[in-house]
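Everything below concerns the one structure shown next.
Lettering of chains follows the sequences in order, A, B, ..., and the numbering in each one begins at 1. Keep in mind the model is a prediction, meaning the values are calculated, not measured.
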Amino acid sequence: MLDRNVVREKPDRVRWAIETKGVDIADLDAIIEMDERWRELKAEGDDLRRQRNEISERIGELKRAGDEAEAEEAIKQSGTLKSQLDAVEEEADDLEERIRKQELLLPNIPHDDAPDGEDEADNVEVHRWGFDQIRELPEEIIPHYDLAEEMELIDFSRGAKVAGGGFQFLKGDGARLEYALLMFMLELHREEHGYHDIFPPIPVKSTAMQGTGQFPKFFVDDAFRIGGKNDEPYDDDDLWLLPTAEVPVTNMYAGEILLDEDLPLKHVAFSPNFRREAGEHGTQTRGYVRVHQFNKVELVNFVRPDESDKRHEGLVREAEEVLRRLGLPYRVIEICTGDMGTPHHRQFDLEVWAPADDMPDGPERGGRWLEVSSASNFTDFQARRAGLRYRPERHESAEYIHTLNASGIALPRAVVAIMEYYQNDDGTITIPEVLRPYMNGQEIIEGHDPVGESAVGAGRRD
RNA sequence: GCCAGGAUGGCCGAACGGUAAGGCGCACGCCUGGAAAGCGUGUUCCCAUACGGGAUUCUGGGUUCAAAUCCCAGUCCUGGCGCCA
């Protein structure tokens, strides 16, 4: 949500943000018009109420003095004022509610340095890492979805049987690789980047989804609703499966006032994430790349307003460090104004290199980019929605903090990159060194034998 | 799940139909050689350029000229009982 004073004083900036982000459901003119009328009514209502307060006070005095006749007269007057007041306040309340609803649709204003652009084609590559000394790769790299099924590390078809398409079983060393990545990331952020661990609740209320900006409108179709269908109306405390730990963790201190010495607050959260990804099917999404349930380590920061730009840089570095330690080549891109999300002020994405499948937008040497992290500065946009404030000095009034977050990082695509980039000629997978302590010292993943009669059909008969 | 009690400012805590005491913390000032103590002022939100005004006792309704206070519903917390990985 934007500061209403910004809407009043800099409508052109807001209009520009609406246009560049293409938020066509936001109606700025209607907001401005309603706000002007609301302020008129507010002044009128305050004045009527003042008159009524004066009369009410006099009634008390008259009653105490025993002057019943005068008191009756005053009570009558008070009644007249009340009906006038009711009419004015009803209109004002109605307007206020309509303004609030509209305000929730306004996008955040992009950072001045964010590249101006229309869509992802205008995103700007900031830098690449790891391409100078690439490890020796097999002639023909097997895509992770084939390799993982063959090695019995991921079971897509049985996942679909049990939970539907987009859900999968991780098995044996596949599951262990996922656990190892998880523990490695948590430990890196906690021990070296100063993060505090959080394990959040998985269901979140509609109000939490609104606090971070997923609701209303922007994410409803992609959310997993608990009880009820997505296209049906929802209440504030209806529950949804979290699409990212950003939602529960950012809303954790909703409606609270933090102390100056609490900041900056750095939380690292692990959670599964649930997304419907409606209609996303095809070669781009095959395998463990775009699924309905996936694990992610999320970094959430609360900072003082003047520190968010600097912290944003630090946040990108912290996410990058995960890929560097894993030895996975990647690039950082800055998202242009037209491609960034509604609540975003500035956004950098980390894309890891998955060398098996050549995709049109991939790097020159083949393979493709997979987004594994999105590092974002939301300024006070989420803080206003969720009511996240801090008190700069004990005696001063509270101010909205700035929120930032970054994936640190999404696990499935890291698994994909490892399966493809660390693939060997003999079809085994070398485990990145930093993960070995979390896998009992194991260095290589060789796969497992299939289970059941389907194994016979797969050509493994004796 | 049942029964009982509770929710008041950053924190603690009074008032129980007549318009929100007091304390702590914090800030500023006075005092002091300096500090402590003491004293004074301030310390929520909204409208208004300002003077000033309005709102605010968990949330939403209701009764009343008037609600922190009475009534109804909800949320959360605490205690007891029950149930239970």
If you assign A:A398 and A:G45 each to the RNA chain B nucleotide with the nearest heavy atom, which residue ends up on the more 5' nucleotide?
A:A398
Out of B:rC47, B:rG18, B:rG54, which nucleotide sits closest to the side chain of A:I59?
B:rG18
Between B:rA7 and B:rC58, how many Å separate the two C1' atoms, rounded to a whole number?
6 Å
Quote, to the nearest angstrom, the P distance that separates B:rG38 from B:rC24.
8 Å
To the side chain of A:R49, which of B:rA55, B:rA66, B:rC47 is closest?
B:rA55
Once you round it to whole Å, what is the distance between P of B:rU19 and CG of A:L62?
14 Å
Students often get this wrong, so: under 4.0 angstrom with heavy atoms, is A:R100 touching a base, only sugar-phosphate, or nothing?
nothing
Using the C1' atom as the reference point in each nucleotide, state the distance between B:rG61 and B:rU75 in Å, no decimals.
15 Å
RNA chain B nearest-nucleotide lookup for A:S78 and A:D46: closer to the 5′ end is A:D46
Taking atom C1' in both B:rC83 and B:rC2, compute the distance separating them and give it to the nearest angstrom.
11 Å
For B:rC39, which nucleotide is its Watson-Crick or G-U wobble mate, given both distances must be under 3.5 Å?
B:rG29
Can you tell me how far P of B:rC65 sits from CD of A:E54, to the nearest Å?
20 Å
Determine the interatomic distance between C1' on B:rU43 and the same-named atom on B:rG23; round to the nearest Å.
15 Å
Checking base pairs now: Watson-Crick or wobble, both atom distances under 3.5 Å. What partners B:rG1?
B:rC81
Separation of A:W38 atom CH2 from B:rG54 atom C1', in whole Å?
10 Å
Are A:S206 and A:D236 close enough that a side-chain donor and a side-chain acceptor fall under 3.5 Å?
no
Could you check how far CD of A:E44 sits from C1' of B:rG52, rounded to whole Å?
18 Å
Parallel, tilted or perpendicular for A:H111 and A:H345, by the 30°/60° rule?
tilted
P-based separation of B:rG6 from B:rC70 [nearest Å]:
10 Å
When you compare the side chains of A:E246 and A:T212, does any donor N or O come within less than 3.5 Å of an acceptor on the partner?
no
Side chain of A:R39 - closest among B:rG53, B:rG10, B:rC47:
B:rC47
Report the C-alpha distance between A:F294 and A:R275 in whole Å, list the side-chain angles of each, state the deciding distance to 0.1 Å, and finish with yes or no for side chain to side chain contact (heavy atoms under 4.5 Å, CB included).
CA-CA 9 Å; A:F294 64 97; A:R275 300 180 187 182; 3.8 Å; yes
Nearest-Å distance for atom pair CD/P, residues A:E61 and B:rU19
10 Å
Considering only B:rG10, B:rC46, B:rC65, which nucleotide approaches the side chain of A:K42 most closely?
B:rC46
Member of A:F274, A:Y234, A:F224 meeting the ring pair (Phe, Tyr, Trp, His ring centres under 6.0 Å) criterion with A:W240
A:Y234
Give a yes/no on whether any side-chain N or O of A:R58 is located under 4.0 angstrom from OP1 or OP2 of B:rC65.
no
Counting Watson-Crick and G-U wobble pairs only, both distances under 3.5 Å, name the nucleotide matched with B:rG9, or none.
none
Between B:rA14 and B:rU63, how far apart are the C1' atoms? Round to whole Å, please.
26 Å
Strictly below 4.0 Å: does A:N53 bring a side-chain N or O up to OP1 or OP2 of B:rA55?
yes
Re B:rG74: Watson-Crick or G-U wobble partner, both distances kept under 3.5 Å, found to be B:rC58
Angle between ring planes, A:F199 versus A:F270, binned at 30° and 60°: parallel, tilted or perpendicular?
parallel
Span that lies between the P atom of B:rG40 and that of B:rG79, in whole angstrom
41 Å
For A:L81 and B:rA66, what is the distance between atoms CG and P respectively, to the nearest whole Å?
12 Å
Pairing check on B:rC16: which nucleotide meets the Watson-Crick or G-U wobble criteria with it, both distances under 3.5 Å?
none
Just how far is it from atom CG of A:D146 to atom CD1 of A:I154, taken to the nearest 0.5 Å?
11.5 Å
Starting at atom CG of A:D93, determine the distance to atom P of B:rA55, rounded to an integer number of angstrom.
13 Å
When the distance from CD1 of A:I75 to P of B:rG17 is rounded to whole Å, what number comes out?
19 Å
If you look at every strand shown and take non-hydrogen atoms under 4.0 Å, does A:S397 touch a base, only sugar-phosphate, or nothing?
sugar-phosphate
Could you please name the partner base of B:rG52, counting Watson-Crick and G-U wobble pairs only when both distances are under 3.5 Å?
B:rC47
